[in-house]
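Quick notes on the structure that follows.
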Amino acid sequence: MDNKQLAVYFIAGTPNCPKSIEQTLEEAIKGGITMFQFREKGKGALVGEAKKETALRLQLICREAGIPFIVNDDIELAIEIGADGVHIGQEDKAASIVRDKIKGGIVGVSVHTMEEFEEAIKDGADYVGTGPIYATVTKSDTRPVAGTSLIRRMKERYPEFPVVGIGGITLETAGAVMEAGADGVSIITAISMADDPAEAAAYLKKEMQ
Ligand SMILES: Cc1ncsc1CCOP(=O)(O)O
Ligand SMILES: C=C1C=NC(C)=NC1=N
Ligand SMILES: [Mg+2]
């Protein structure tokens with residue numbers, strides 16, 4: 001996949017959106033996000049048919065905008081609706097198994113150490129997400145806050161492999177993540193909870209250029 005696709009990688013689920021998630025996604029797309037991940041987790045998260053119907057609506061919005069639609073964790077849902085890819089964590093199935101199931105799709109893996117990074121590359125991941133770069137309240141069970149040093153080391157070792165930073169990244173700190181060598185920033189709150197998600201996305205897009 002093209003590393004530039006990771007520049008402004010918006011992630012959201014219904015619990016992260018004060019407005020409808022469809023409206024938030026449309027505004028973020030207007031602002032110029034380059035990729036979207038549906039991560040339906042946390043208090044009040046949708047399940048079953050409701051989750052699938054929302055995923056289909058969000059996928060259609062992404063298709064019309066020409067940006068990749070990625071499903072977090074739920075490999076079965078991703079395959080069922082023909083999503084562009086999946087993002088999995090260390091606790092999910094091994095990337096190698098997902099790689100086979102998703103065939104030509106995008107497989108993203110969360111990594112927190114150089115060893116996990118090298119394993120993900122070996123398993124055929126298309127990109128990795130690493131963090132939390134800064135403190136975040138959005139995900140409760142994160143690994144310790146990492147800062148940007150691991151991103152720097154990963155890029156020194158594998159300059160071409162697509163890496164996106166995630167965790168507590170705001171409009172003020174996105175530049176530092178980029179400066180550390182990341183191909184982009186993965187963001188939930190700074191876009192989904194912004195008064196104007198389009199303006200937040202547009203600012204980040206400019207920062208990432
Ligand atoms: C999914 C995830 N993985 C590590 S931190 C995080 C949450 C990021 O959310 P926010 O951008 O609101 O800090
Ligand atoms: C935990 C995560 C790490 N990185 C990305 C891109 N998405 C996630 N859900
Ligand atoms: Mg997971």
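Because the structure is predicted, anything quoted here is derived from the model rather than measured. Indexing begins at 1, ligand by ligand and atom by atom, following the structure's order.
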Hey, does S186 come in under 3.5 Å of ligand 1, counting only N/O atoms on both sides?
no
By number and element, which atoms of ligand 1 are closer than 4.0 Å to a non-hydrogen atom of T189?
10 (P), 11 (O), 12 (O)
Considering only heavy atoms of N72, which atoms of ligand 2 have at least one such atom less than 4.0 Å away?
9 (N)
Does the residue R143 have a heavy-atom contact with ligand 1, meaning some pair of atoms that are separated by less than 4.0 Å?
no
Say whether R152 and S149, considering side chains only, have a donor N or O and an acceptor N or O under 3.5 Å apart.
no
Pick from Q90, H87, H112: the one approaching atom 4 (N) of ligand 2 most closely through a non-hydrogen atom
H87
May I ask you to list the atoms of ligand 2 that are less than 4.0 angstrom from any heavy atom of Q37?
5 (C), 6 (C), 7 (N), 8 (C), 9 (N)
Ring-ring centroid check H112 F117, cutoff 6.0 Å
no
I'd like to know whether the aromatic ring centres of Y9 and F36 sit less than 6.0 Å apart in this structure.
no
Any heavy atom of G89 closer to ligand 2 than 4.0 angstrom?
no
Nearest non-hydrogen atom to atom 10 (P) of ligand 1 belongs to which of T138, I191, V137?
T138
Write out the residue and atom name of the closest protein heavy atom to atom 3 (N) of ligand 1, then the distance separating them to 0.1 Å.
K139 CD, 3.4 Å
Nearest-neighbour protein heavy atom for atom 5 (S) of ligand 1, which is reported as residue plus atom name and distance
G167 CA, 3.6 Å
Contact atoms of ligand 2, heavy-atom distance to S110 under 4.0 Å:
1 (C), 2 (C), 3 (C)
Atom pair CG/CD1 of L171 and I169 - distance to nearest 0.5 Å
11.0 Å
Interfacing atoms of ligand 2 (cut-off 4.0 Å, heavy-atom, G129):
4 (N)
Using heavy atoms and a 4.0 Å limit, tell me yes or no: is S186 in contact with ligand 2?
yes
Are any of the N or O atoms of T142 closer than 3.5 Å to those of ligand 1?
no
Please walk me through it: do E40 and T14 pass side-chain hydrogen bond (donor to acceptor under 3.5 Å, both in side chains)?
CA-CA 6 Å; E40 190 62 11; T14 56; 2.4 Å; yes
Yes or no on salt bridge (charged side-chain N to carboxylate O under 4.0 Å, His left out) for R143 and E116, after CA distance, side-chain angles and deciding distance?
CA-CA 13 Å; R143 300 284 193 82; E116 289 175 351; 2.9 Å; yes
Show the atoms of ligand 1 that are less than 4.0 angstrom away from any heavy atom in R39.
1 (C)
Between K139 and ligand 2, which part of the residue brings a heavy atom under 4.0 Å of the ligand: side chain, backbone, both or neither?
neither
Pair Y158, E118 - check side-chain hydrogen bond (donor to acceptor under 3.5 Å, both in side chains), show working.
CA-CA 9 Å; Y158 302 92; E118 293 180 332; 2.8 Å; yes
Is there a donor-acceptor contact under 3.5 Å from the side chain of K51 to the main chain of L77?
no
Any nitrogen or oxygen of Y9, side chain or backbone, less than 3.5 Å from one on ligand 2?
no
Side-chain heavy-atom pair H87, S110 within 4.5 angstrom cut-off
yes
With no hydrogens and no angle check, is any side-chain donor or acceptor of K93 less than 3.5 Å from a backbone partner on I97?
no
State if A190 counts as touching ligand 1 under the rule of any non-hydrogen atom under 4.0 Å.
no
Have T138 and T189 got a donor and an acceptor in their side chains that come within less than 3.5 Å?
yes
What I'd like to find out is whether the side chain of D183 reaches to under 4.5 Å of the side chain of F161, using heavy atoms alone.
no
Nitrogen or oxygen atoms of T130 and ligand 2 under 3.5 Å apart
no
What protein heavy atom sits nearest atom 11 (O) of ligand 1, and how far away is it?
I188 N, 2.9 Å
